[in-house]
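Have a look at the structure below, then the notes.
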Amino acid sequence: MLLVVAAFIVAFVLLLYMISPLISPKPLKLNGAHVVVTGGSSGIGKSIAVECYKQGAFITLVARDEAKLLQAKKEVEKFAINDKQVVLCISVDVSSDYSQVESVIKQAQEKLGPVDMLVNCAGTSISAKFEEMEVDRFKKLMEVNYLGSVYPTRAVITTMKERRMGRIMFVSSQAGQIGLFGYTAYSPSKFALRGLAESLQMEIKPYNIYVTVAYPPDTDTPGLAEENKTKPLETKLISETSGVCQPDQVAKIIVRDAVQGNFNSSVGPDGYMLSALTCGMSPVTSITEGLQQIVTMGLFRTIALFYLGSFDSIVRRCMIQREQSKAADKRE
Ligand SMILES: NC(=O)C1=CN([C@@H]2O[C@H](COP(=O)(O)OP(=O)(O)OC[C@H]3O[C@@H](n4cnc5c(N)ncnc54)[C@H](OP(=O)(O)O)[C@@H]3O)[C@@H](O)[C@H]2O)C=CC1
Ligand SMILES: CCCCCCCCCCCCCCCC(=O)[C@@H](N)CO
């Protein structure tokens, strides 16, 4: 009986691998492709632009500050692999209103051709205790991190569907997979990208357009430096669990997964476990990934419970320390 079951499982897995070409998308060739990177003037976005430029892409950098854009253009251009490549810079606030973003994408397509890959990387983070967060920050982060990804995507989707090809990348965060102390404004804006990505992927898969959601951990960028100035100690201590990555390391992983059409893009062992654990009803782009999720779910949930226990003890310890220092201040 056991032999029969084992034979059945082997046959099933072999069948899966036989049909896997039907599931795995054909990799996108970046050489000569037009890649738009919102948030491409700094940090992860700039590193993604460099990585695509190294592979022969034409780049449009989108951000607000024109001086930063020009500086980034100079840095990206150093990595040209042929004399045809171009870096275009266009300044716009991606969260402003759809018509401005639509006109920017139209300009970019008139100059460099239809967009083959859109990287929604523009974003910002603010961390503070819920009751200490300025109320307008909740709306602001939703506008920049969520709507600031909806608008560029809306502006490219029609052409991608006409061409029956394209890649759309959303840069989320590990804080878009787990809600953390201090991120009551940031995490929801990143979790929202997951719902958008899953819904959109179901709509556009028949058009050979693939969506990728990237979940980086803390990454050593000007954005992280700015965020760390006001980050609560609890958020710092919990985020340190996944360590701090370099933007070019994160960018390499993100570009590889986007080119391959992988729905999920994670960094490091914690990121791998977190993504397998939180895969939910997300699409599978490889048999191996699907099998790994099936096999590891129970184990990773067990490990996650220990992580959650350690996060709770960090929060309790910080609260006790705060109360003790308040009491000491009162005694003085
Ligand atoms: N650094 C980290 O630890 C992590 C970051 N992330 C995410 O990665 C993305 C990039 O972060 P990071 O590289 O650290 O950030 P940086 O602050 O270094 O870069 C942010 C980029 O986005 C642009 N930008 C910000 N707001 C807008 C806007 N309203 N309209 C257009 N462009 C905008 C900035 O240019 P300008 O200000 O001129 O507009 C800049 O080019 C963000 O979405 C962030 O949430 C995810 C996980 C970890
Ligand atoms: C099996 C279960 C494994 C669980 C591992 C959990 C690890 C949690 C670490 C969370 C790190 C959050 C980083 C946010 C980065 C970010 O987006 C901001 N820096 C924005 O600038």
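All values below come from the heavy atoms of this structure, side chains included, with hydrogens, waters and symmetry mates left out. Order of listing sets the numbers, starting from 1, for every ligand and every atom in it.
The shortest contact between atom 18 (O) of ligand 1 and any protein heavy atom is with S42 OG, 2.6 Å. Among all non-hydrogen protein atoms, the one lying nearest atom 44 (C) of ligand 1 is Y186 OH, 3.7 Å. Scanning all protein heavy atoms for the shortest distance to atom 13 (O) of ligand 1 gives I44 N, 2.8 Å. Of all protein heavy atoms, the one lying nearest to atom 24 (N) of ligand 1 is A122 CB, 4.0 Å. Counting protein heavy atoms only, atom 39 (O) of ligand 1 is closest to R64 NE, 2.7 Å. At the shortest separation from atom 30 (N) of ligand 1 among protein heavy atoms lies V94 N, 3.0 Å. Summary of contacts: the protein heavy atom closest to atom 17 (O) of ligand 1 is G223 CA, 3.3 Å. Counting protein heavy atoms only, atom 10 (C) of ligand 1 is closest to C121 O, 3.5 Å.
In summary, E240 and K236 do not engage in a salt bridge, as defined by a charged side-chain N under 4.0 Å from a carboxylate O.
Neither M165 nor L112 shares a network with the other; the hydrophobic side chains, linked directly or stepwise wherever heavy atoms of I, L, V, M, F, W or Y lie under 4.5 Å apart, form separate groups for each.
For ligand 2, the polar-atom distance check finds an N/O of D218 within less than 3.5 Å of one of the ligand's N/O atoms. The shortest N or O to N or O distance between S242 and ligand 2 is not below 3.5 Å. Checked against a 3.5 angstrom limit, the closest N/O atoms of S173 and ligand 2 fall inside it. Where the criterion is an N or O separation shorter than 3.5 Å, residue side chain and backbone included, Y307 fails it with respect to ligand 2.
Counting heavy atoms closer than 4.0 Å to ligand 1, residue S172 contributes backbone atoms (N, CA, C, O) but none from C-beta onward. By the criterion of a heavy-atom distance under 4.0 Å, the side chain of L180, and not its backbone, is placed next to ligand 2. Within the 4.0 Å heavy-atom criterion, the part of K190 lying near ligand 1 is the side chain and not the backbone. Contact annotation for L224 and ligand 2: only side-chain heavy atoms (C-beta onward) come within less than 4.0 Å of the ligand. At a heavy-atom distance under 4.0 Å, only backbone atoms of V92 (N, CA, C or O) approach ligand 1. Using a 4.0 Å cut-off between heavy atoms, Y215 makes no contact with ligand 1 at all.
Here is the list of ligand 1 atoms found below 4.0 Å of a heavy atom in S41: 35 (O), 40 (C), 41 (O). The atoms of ligand 1 that sit less than 4.0 Å from any heavy atom of G39 are 21 (C), 22 (O), 23 (C), 41 (O). Which parts of ligand 1 touch K68 is read off a 4.0 Å heavy-atom cut-off, strictly below it: atoms 35 (O), 36 (P), 37 (O), 38 (O). The atoms of ligand 1 that sit less than 4.0 Å from any heavy atom of G43 are 13 (O), 18 (O). The distance from ligand 1 to the heavy atoms of D218 drops below 4.0 Å at these ligand atoms: 3 (O).
Contact analysis puts D93 in contact with ligand 1, with a non-hydrogen atom separation below 4.0 angstrom. At least one heavy atom of P217 lies less than 4.0 angstrom from ligand 1. Distances shorter than 4.0 angstrom do not occur between any heavy atom of G148 and any atom of ligand 1. Using a non-hydrogen distance threshold of 4.0 Å, S125 does not register as a contact of ligand 1. Under a 4.0 angstrom heavy-atom cut-off, T38 registers as lying outside contact with ligand 1. Within the structure, ligand 1 lacks V244 among the residues with a heavy atom less than 4.0 angstrom away. The closest approach between G223 and ligand 2 stays at or above 4.0 Å for every heavy atom of the residue.
In terms of modelled atom types and a separation under 3.5 Å, the side chain of D97 and the main chain of Q100 share a donor-acceptor contact. Judged by distance alone, with hydrogens and angles left aside, the side-chain atoms of D116 form a donor-acceptor pair with the main-chain N or O of H34 at under 3.5 Å.
Closest heavy-atom approach to atom 1 (N) of ligand 1 among the candidates V144, N120, T221: T221.
For the atom pair CG of L193 and CG of L200, the computed distance is 11.5 Å after rounding to the nearest 0.5 Å. Atom CZ of residue F170 and atom OH of residue Y146 lie 8.5 Å apart, to the nearest 0.5 angstrom.
Residue pairs meeting the side-chain hydrogen bond (donor to acceptor under 3.5 Å, both in side chains) criterion with at least one partner in residues 310-325, sequence neighbours excluded, are E234-R322.
Residues Y215 and G176 come closest through the heavy atom pair CE2-O, 4.2 Å.
Checking each of K73, K68, E51, E75 against K46 for a side chain to side chain contact (heavy atoms under 4.5 Å, CB included) leaves exactly one that passes, namely E75.
Considering only residues two or more places apart in sequence or on other chains, T296 meets the side-chain contact (heavy atoms from CB on, under 4.5 Å) condition with A276, F300.
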